[in-house]
2 protein chains.
Amino acid sequence: MRASAICCSLDPVALDALSRLGRKIHVLAGQTLVWEGDESILVGNVLAGMLKLSTVTGDGREQIVGIVYPSDFIGRPFGRDSHHSVTALTDASLCVFGRSAFDRFAHEHGEVEHALLARTLVELDRARHWMLLLGRKSACERVASLILEMSARLNAEQEIALPLSRQQMADVLGLTIETVSRSLTKLKHAGIISLPGTRRLTIDAPDKLKRIADG
Amino acid sequence: MRASAICCSLDPVALDALSRLGRKIHVLAGQTLVWEGDESILVGNVLAGMLKLSTVTGDGREQIVGIVYPSDFIGRPFGRDSHHSVTALTDASLCVFGRSAFDRFAHEHGEVEHALLARTLVELDRARHWMLLLGRKSACERVASLILEMSARLNAEQEIALPLSRQQMADVLGLTIETVSRSLTKLKHAGIISLPGTRRLTIDAPDKLKRIADG
DNA sequence: CGGTGGGTTGAGAACTATCAAATCGAGTGG
DNA sequence: CCACTCGATTTGATAGTTCTCAACCCACCG
């Protein structure tokens, strides 16, 4: 927790106070921490594992609106309710705070608000960039973009251990599972990637992949 | 400017200092203030008029990733470069600051950072909500959602003076101009809206429109 | 009165979704 | 160790939406 970005700028006394507010929790893959529309009670940051942020339409179509990696922040400070669900994709551990206590603490410690603002601005840039993908890119371009994004955020070598199932990839990309699968095999047949296993992937031609991803 | 949310919590001395940093500018419809990828030099808030935030793919497909209304904040504090262009949709006037000067000021005035954080969190929620639309909704559902959103943000009565051309609506919704037009006429024939003119629209059956928009 | 730019409408092509079947893979129990 | 099973993934065939290209309409303007 000491290494996480939200508290890294605090002096020892404040850090101690903050750590008294928080507690460490573990969740299993598939568990949902926060439900869309619920009151926002928890905030915190991820120590290990990955989670998804998702929303659904009235008739149940799901869209993943964000993927949360270790050291990322989750939850909605300064707001009544959460606009999306938070669900563990893998087993995960987090350091969480009660929202109102965290809000008060942040309000008294400008460094925390500053760090949170910096992160939120980065997340907003990322979300808007993803809107380009969802609004304007073809299936193949979307899959290529996702592969590159995961590769970057997991700082993977050539081979990536995919953290997402095909269904989850589809939910991030706004596609169906079949279309994701077909796009992957198309990239495979083009010699750009290999799929040594259903959850393993290697990038064989990074430059070609980038060209496809960028449209 | 005194009414804009970024500075509304400042004491008179700080407010005076901030107003010395800023200047008021006017832009004409169509003018671009910031280009995607350029260094982020300006920040500020909108006094009157509307602007769009947009990005393009490598081959020129455009996606509008945000619409900026009066009193909204534009620009990217605390970051090297802007990830999207900022272009006026209508004639507009803004109160702008040099980014580095604003960054310094904000860093010294927690209230400003707090206000900025609150706004950024709201924008992030909005962007993620729009991702659901782009990833999972049909053309008609998207158009219905946009009509309701504009109606809400312009606090319009029954009749809305559309601030967007068909092309701009298409760029917000991730559709083509023809599909937007067809969806509008479909809603018109269903008796849900009327189109008294090309830039005027009335909502005749708000409940039905909501049901369609929510999927 | 003809041009111009935005908007609408139509026909066909392209892409993605849907439905169905085949295949693969990991875990299970014999 | 091997057949078996269940869920996940891939593949195939077909249908549906949206895009593309083209024509047309209309209001506005010189």
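Given the structure is predicted, the values throughout are model-derived calculations rather than measurements. Note on naming: letters A, B, ... go to the chains in the order of the sequence lines (proteins, then strands), and numbering restarts at 1 for each one.
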Would you mind reading off the distance between [X] atom [atom1] and [N] atom [atom2], rounded to a whole angstrom?
X	N	atom1	atom2	value
A:Q167	D:dT10	CD	C1'	14 Å
A:I177	C:dA21	CD1	P	18 Å
B:E141	D:dT17	CD	C1'	12 Å
A:R200	C:dG25	CZ	P	12 Å
A:M169	C:dT16	CE	C1'	16 Å
B:K137	C:dA17	NZ	P	17 Å
A:E178	C:dC24	CD	P	18 Å
B:D171	C:dG7	CG	P	12 Å

Checking all strands, does B:L184 fall into the base, sugar-phosphate, or nothing category for heavy-atom contacts under 4.0 angstrom?
->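 Here B:L184 touches no strand at all.
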
Could you tell me whether B:G197 contacts a base, only the sugar-phosphate backbone, or nothing, with contacts defined as non-hydrogen atoms closer than 4.0 Å?
->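 It contacts nothing in the nucleic acid.
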
Map A:P196 and A:T179 onto DNA chain C by nearest heavy atom, then report which one ends up closer to the 5' terminus.
->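 That would be A:T179.
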
When you match B:L164 and A:K186 each to their closest nucleotide on DNA chain C, which lands nearer the 5' end?
->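 Nearer the 5' end of the strand: B:L164.
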
Could you give the distance from CD1 (B:I147) to CD1 (B:I203), rounded to the nearest 0.5 Å?
->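 Rounded to the nearest 0.5 Å, the CD1-CD1 separation comes to 6.5 Å.
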
Counting just side-chain N and O atoms, does [X] come under 4.0 Å of either OP1 or OP2 of [N]?
X	N	value
A:T185	D:dT11	yes
B:T176	D:dC19	yes
A:S165	D:dA8	no

Counting only distance, no hydrogens or angles, is the base of C:dT18 paired donor-acceptor with the side chain of A:R182 under 3.5 Å?
->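 Check passes, donor-acceptor contact within cut-off.
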
Looking only at side-chain atoms of A:L175, point me to the closest of C:dT8, C:dA17, D:dT9.
->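 So the side chain of A:L175 is nearest to C:dA17.
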
What orientation do B:F78 and A:H114 show, parallel under 30°, tilted 30 to 60°, or perpendicular over 60°?
->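 Ring orientation of B:F78 relative to A:H114: perpendicular.
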
Between A:T87 and A:T32, do the side chains contain an N or O donor and an N or O acceptor separated by less than 3.5 Å?
->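 Side-chain D/A pair, A:T87 to A:T32: present.
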
So, do A:L121 and B:R76 sit near enough that their side-chain heavy atoms are less than 4.5 Å apart?
->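 Counting from C-beta outward, A:L121 and B:R76 do come under 4.5 Å.
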
B:F97: which of B:F73, B:F102, B:F105 passes ring-ring contact (aromatic ring centres under 6.0 Å, His included) |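 Filter result, single survivor: B:F102.
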
